[in-house]
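Reviewing the structure listed below.
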Amino acid sequence: MACIYVVEDDTDIREIEAIALRNSGHSVTDFDNGRAFFQRMEEKIPDLAILDIMLPDMDGYEIVKKMRTNPGTRRVPVIMVTAKTTEIDMIKGLDMGADDYIKKPFSVMELITRVKAVLRRTMEEDSRKFLTVGEIFLDNERHMVYARDKAVELTFKEYELLKLLMINAGIVMTREMIMYRVWGMEFEGESRTVDMHIKTLRQKLGESGAQIKTVRNVGYVME
């Protein structure tokens with residue numbers, strides 16, 4: 001099963017998470033601060049990290065940002081666990097690169113289900129090393145994108161959005177599907193986040209951005 005790191009400063013919650021994950025067959029190492037977490041990752045990179053946002057030395061947002069800028073850890077899936085429940089808080093964490101977001105209090109069953117979903121999703125998507133659709137080439141090993149043979153600098157979520165569209169080239173993806181697959185959560189009626197990222201993605205791809213087509217009142221498709 002998976003190697004999972006849990007970062008949580010509340011001893012009771014940390015123990016509950018660790019026991020539940022171990023009972024599901026996973027290998028679990030837990031930490032009460034970000035510094036110890038990063039020190040451990042110098043020795044072994046996990047298959048998944050579960051992060052609390054409010055920590056004594058650095059918050060979960062800072063940890064995710066640091067992970068996503070490090071080539072060695074940028075592809076490690078992350079689930080954020082927090083008592084913060086506003087939409088802005090959720091979008092902030094997901095935009096920085098978190099794969100899912102669990103609100104406290106939560107049930108053990110919810111935790112295990114979310115972990116299974118994130119691991120399954122990331123394993124399926126990471127199995128494709130190279131993708132080519134028209135003038136766009138995506139190198140999933142190096143985390144690079146090229147449009148008309150020119151390198152394109154994308155944020156973590158822009159990259160994940162483009163990869164999703166390329167994997168499903170020719171298939172119309174609804175906004176709800178995109179929100180769940182890229183941001184890891186469902187926001188009922190929320191489309192601004194998807195539309196904003198599609199707009200910036202098209203701009204960065206230049207003329208090749210025209211390959212991303214809008215399907216009125218539905219979503220988007222890569223042609």
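- Taking every heavy atom of both residues into account, I63 and F37 meet most closely at CG2-CE2, 3.7 Å.
- Side-chain N or O atoms of Q211 include one that pairs as donor or acceptor with a backbone N or O of E223 at under 3.5 Å.
- When only modelled atom types and interatomic distance are considered, N168 and Y220 share no side-chain donor-acceptor pair under 3.5 Å.
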Q | Worked verdict on D47 versus Y5 for side chain to side chain donor-acceptor pair (under 3.5 Å) | A | CA-CA 8 Å; D47 298 309; Y5 289 174; over 6 Å; no
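- The structure places CG of D99 at 8.0 Å from CG of L48, a figure rounded to the nearest 0.5 Å.
- For the residue pair S24 and I112, the shortest heavy atom distance occurs at OG-CD1, 3.3 Å.
- Counting heavy atoms from C-beta outward, V81 and L51 have side chains that stay 4.5 Å or more apart.
- The CG atom of L201 sits 7.5 Å away from atom CD1 of I136, with the distance rounded to the nearest 0.5 Å.
- Side-chain N or O atoms of D30 include none that pairs as donor or acceptor with a backbone N or O of R14 at under 3.5 Å.
- For the atom pair I16 CD1 and L111 CG, the distance stands at 10.0 Å (nearest 0.5 Å).
- Distance alone, capped at 3.5 Å, is enough to place a donor-acceptor pair between the D57 side chain and the R35 backbone.
- I19 and V6 end up in different hydrophobic clusters when Ile, Leu, Val, Met, Phe, Trp and Tyr side chains are linked at under 4.5 Å.
- With respect to K157 and E160, no salt bridge is recorded, no charged nitrogen being found less than 4.0 Å from a carboxylate O.
- In this structure, K66 forms a cation-pi arrangement with F38, its terminal cationic atom sitting closer than 6.0 Å to the ring centre and no more than 45° off the ring axis.
- Nearest approach of V76 to A49, heavy atoms of both residues: CG1-N, 4.2 Å.
- Between D52 and E17, the closest side-chain pair of non-hydrogen atoms is not below 4.5 Å.
- Counting only heavy atoms from C-beta outward, the side chains of K204 and T155 approach each other to under 4.5 Å.
- Within the 3.5 Å criterion, the main-chain N or O of R74 finds a donor-acceptor partner in the side chain of R68.
- Minimum heavy-atom separation, F106 to K103: CB-O, 3.5 Å.
- Considering only heavy atoms from C-beta on, R175 comes within 4.5 Å of D195 through its side chain.
- Rounding to the nearest 0.5 Å gives a distance of 11.5 Å between CG of L161 and CE of M166.
- In this structure, T113 OG1 and D100 CG are separated by 11.0 Å, a value rounded to the nearest 0.5 Å.
- Using a 4.5 Å heavy-atom cutoff, the side chains of M80 and Y61 are in contact.
- Looking at heavy atoms from C-beta onward, V7 lies out of side-chain contact with I50 at the 4.5 angstrom threshold.
- Side chains of I171 and V221 form no contact here, defined as non-hydrogen atoms less than 4.5 Å apart.
- Side-chain contact between Y159 and L138 is present, with at least one heavy-atom pair separated by less than 4.5 Å.
- Checked for salt-bridge contact, R40 and E43 meet the test: a charged N lies under 4.0 Å from a carboxylate O.
- Side chain of H197 to main chain of E158: no donor-acceptor pair is present (N/O by atom type, distance under 3.5 Å, no hydrogens or angles).
- The line from NE2 of H26 to SG of C3 is 11.0 Å long, rounded to the nearest 0.5 Å.
- R22 places no side-chain N or O within 3.5 Å of a backbone atom of S27 that could act as its donor or acceptor partner.
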